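Keep in mind the model is a prediction, meaning the values are calculated, not measured.
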There are 2 protein chains.
Amino acid sequence: MLEARVKQAAVLKKLLDAIKELVTDGNLDCTDEGIALQAMDNSHVALVSLKLVAEQFESYRCDRNMPLGVNLTSLTKILKCAKDQDVVTLKAPDDADSLGLVFESPKEDRVGEYEMKLMDIDQEHLGIPDTQYDATITMSSSEFQRICRDLAALGESVKIEASKEGVRFSSEGEVGNGSVLLKQSAGTDRSAGSSSKKAVKRDPDEEDEEEIEEDEKPEIDDEEGEDEQDDEDRSKKRKSNGKSKTAKKAKKDESTSEDIGVSIILEKQVSLTFSLKYLTNFAKSAPLAREVSLHMSNDVPLLVQFDFEQGTLQFFLAPKVGWGLILTNIHAD
Amino acid sequence: MLEARVKQAAVLKKLLDAIKELVTDGNLDCTDEGIALQAMDNSHVALVSLKLVAEQFESYRCDRNMPLGVNLTSLTKILKCAKDQDVVTLKAPDDADSLGLVFESPKEDRVGEYEMKLMDIDQEHLGIPDTQYDATITMSSSEFQRICRDLAALGESVKIEASKEGVRFSSEGEVGNGSVLLKQSAGTDRSAGSSSKKAVKRDPDEEDEEEIEEDEKPEIDDEEGEDEQDDEDRSKKRKSNGKSKTAKKAKKDESTSEDIGVSIILEKQVSLTFSLKYLTNFAKSAPLAREVSLHMSNDVPLLVQFDFEQGTLQFFLAPKVGWGLILTNIHAD
DNA sequence: CACCCCTCTA
DNA sequence: TAGAGGGGTG
């Protein structure tokens, strides 16, 4: 059976808001390591991979692996019945054909119990290669969202160019062209460092527990050993490692993106073009995490990753291969 | 070439929000005196006249006169890509077929560069007569907006009656009739005074200071020598000249209409009826200026004027000549 | 393209 | 609790 207890319904709500427009149905793969969901988006262009790690639940028990086929639209509806601070307990017996959800108010004076029908979904579990990316950009998630929204007003796709100096997002369209250049924050230049060669490790937790140190963050390793409840420091610690200088006071009315800064880990310059429709959708996850990281290599799907307290949400999107790019490749041969 | 630098994108955004629903295309007439835009609204009922004076730009350079035909919808879209505090630089070479816009974050860690296609627009430059109005009402712009919005819920047009005692806005409709009477603030009665014969002033407040003409603005800055660079205090201080009672702490974000009061300069009583649809549109400029002035003479187009730090925005609208009014006129003979 | 509703922030 | 901004619908 499964019994997983989440401290705050809010995180589940945000998660569903983040992915429900991309994916309508999916299997919640429950194991003793946690709950994962992996699915192609409805048009089979993007891949969504969510992982909620067992240790980050208030309590977690899963006796055996269970794929729970859920309709995310339904789940969203039911989660709307929970207040943000409610404690949520997910329950499913081993032979479940439905998922139970219990919402308890913090004062324990209200209990909501819901049951959602499950469905059978053919498991197309995709192996996500543990890619080594040429460029990893970490930035404010709200700034990322802002840029995607802005450029989406101009054109349908965005070219992302990462160099040591910064990252440029540019788009072209009928009304005109536009580009946004974010300069790398001072003191965060870690390009060409050996650490930059590490692969992304956040999601494939299982695969490389030891390799966790894409930017020399020993503390993160600690958490694996004794990650009781200090989990919420997890993401913060990581941030403070990378950019202590961003600790300035936060001017609230400027969407606080200022005090996060941009860090670029660059193995090789990259220039890739993506559909803004999808990126805008990915960016809806901004409420989940202050930071987002973009992982890119030429001709390889982009990985957009949000790390939050309870786990990780990843989006993969293949670059647009327009005529320009094809010609480029031909000539490059 | 043109290169004009604006300290805060916010003012441009507000300007476009203010006029984009009335005018979709127009020429930005750039001269060494500044940037002007004059256009009939899309249904050729109202006239919009915007003037941004060169001196109020952070820097301004315009080598020769250039009419830049812009689509205001496109310009609005591009301005949405700027944050409110961004520094905006408008650029156009002499033979430009596009307008460049550069948005720089205050911290200079983000640069947005946009290019907007220009269009050829037949210049129908209208001479606006320097009319002497029988009545000039100065009031809180947000109060004006509120009244227009309220009355628009009742009827399609509003009758504005200005007398020495105050100004009455009234409307009639299916659900009922309504009127708002604003009494003139104490101490501002200047009707039949010689000053009331002056032509439209940029900022009627200045009339309180005897004879300060609209072109002598620079001196106003001087006399307030203590406000170093914070030009944004300028307009506030000016107000405090005219009505010291408004000198209280100016809470900027809540445009408290209360402490602005109503002043009426009356040469002759007027009673005119206007389409609320248009007035409501004009009133959208409220974020630009704390005050608005309404200039009226019987049977002459209304002038609604907003004076802000960088310039002036004027709207002209012919009165409705409904049967009621025609009959009135006939009987008046 | 405009209008209305909902959500988030102040 | 009210206002502003963003998203969605007609």
Side-chain angles (χ1 to χ4, degrees), chain A residues 8-22 24 73 76-77 79-85 140-154 173-175 249-259 276-290, chain B residues 8-25 41-43 71-86 140-143 145-146 148-150 152-153 156 250-258 276-278 280-281 283-288 290:
Chain A
Q8 307 255 303
V11 63
L12 296 181
K13 292 182 168 199
K14 289 178 191 167
L15 271 172
L16 274 127
D17 284 344
I19 62 177
K20 69 169 193 284
E21 284 193 23
L22 283 167
T24 55
T73 310
T76 301
K77 281 184 188 169
L79 280 172
K80 280 200 196 304
C81 303
K83 295 196 179 182
D84 279 359
Q85 319 83 326
S140 151
S141 60
S142 59
E143 178 124 31
F144 176 63
Q145 185 174 35
R146 173 77 198 260
I147 290 170
C148 289
R149 192 200 309 138
D150 285 351
L151 294 183
L154 296 182
E174 299 270 304
V175 339
K249 56 164 181 194
K251 291 195 64 177
K252 59 205 70 173
D253 56 21
E254 335 188 334
S255 61
T256 72
S257 52
E258 322 309 326
D259 39 292
L276 272 168
K277 172 164 164 277
Y278 286 94
L279 290 195
T280 307
N281 247 313
F282 300 168
K284 285 184 182 161
S285 301
L288 276 172
R290 280 167 54 89
Chain B
Q8 306 257 305
V11 63
L12 297 181
K13 292 181 167 201
K14 289 177 191 166
L15 271 173
L16 273 125
D17 283 344
I19 63 177
K20 69 168 193 285
E21 283 193 25
L22 284 168
V23 180
T24 55
D25 303 297
D41 85 292
N42 297 328
S43 47
N71 176 286
L72 297 187
T73 309
S74 302
L75 182 53
T76 302
K77 276 185 189 169
I78 288 181
L79 281 172
K80 278 199 198 304
C81 302
K83 295 195 181 184
D84 279 359
Q85 321 83 325
D86 283 358
S140 150
S141 60
S142 61
E143 177 124 30
Q145 185 174 36
R146 177 69 198 264
C148 290
R149 193 197 311 138
D150 287 351
E156 302 206 326
K251 297 196 62 179
K252 60 204 71 171
D253 54 17
E254 34 180 287
S255 49
T256 55
S257 50
E258 324 311 325
L276 272 168
K277 172 165 163 277
Y278 286 94
T280 308
N281 248 315
K284 285 183 182 163
S285 301
L288 275 173
R290 282 167 56 89

>> Run the side-chain contact (heavy atoms from CB on, under 4.5 Å) test against A:Val175 and tell me which residues pass, sequence neighbours left out.
In response: A:Leu154, B:Ser74, B:Lys77, B:Ile78
> With sequence neighbours excluded, what pairs up with A:Lys83 under the side-chain contact (heavy atoms from CB on, under 4.5 Å) test?
Replying inline: A:Gln85, A:Asp86, A:Arg110
> Tell me: CD of A:Glu174 to C1' of C:dC1, nearest whole Å?
Replying inline: 16 Å
>> Applying salt bridge (charged side-chain N to carboxylate O under 4.0 Å, His left out), can you list everything that pairs with A:Glu21, at least two apart in sequence or on another chain?
In response: A:Lys284
>> Going by the rule side-chain hydrogen bond (donor to acceptor under 3.5 Å, both in side chains), which residues pair with A:Ser141 if we only count those two or more places apart in sequence or in a different chain?
In response: none
>> My understanding is that only residues two or more places apart in sequence, or in another chain, count here; which of them pass salt bridge (charged side-chain N to carboxylate O under 4.0 Å, His left out) with B:Arg149?
In response: none
>> Using whole Å, what does the distance between atom P of nucleotide C:dT7 and atom NZ of A:Lys13 come to?
In response: 10 Å
Considering only distance and modelled atom types, tabulate donor-acceptor pairs under 3.5 Å from the side chains of residues 9-19 of chain A, sequence neighbours left out.
from    : atom 1 : to      : atom 2 : distance (Å)
A:Lys13 : NZ     : A:Ala82 : O      : 2.6
A:Lys13 : NZ     : A:Asp84 : OD1    : 3.3
A:Asp17 : OD1    : A:Lys20 : NZ     : 3.1

>> Under a 3.5 Å distance rule, please check whether A:Ser140 uses its side chain to pair with a backbone N or O of A:Glu143 as donor and acceptor.
In response: yes
>> My understanding is that only residues two or more places apart in sequence, or in another chain, count here; which of them pass side-chain hydrogen bond (donor to acceptor under 3.5 Å, both in side chains) with B:Thr24?
In response: B:Asn42
Write out a two-atom table: protein N or O, nucleotide N or O from nucleotides 5-7 of chain D, distance below 3.5 Å.
from  : atom 1 : to       : atom 2 : distance (Å)
D:dG6 : OP1    : A:Arg149 : NH1    : 3.3

> Given pairs defined as Watson-Crick or G-U wobble with both distances under 3.5 Å, what dot-bracket annotation applies to DNA chain C, with ( ) intrastrand, [ ] crossing, | other strand and . unpaired?
Replying inline: ||||||||||
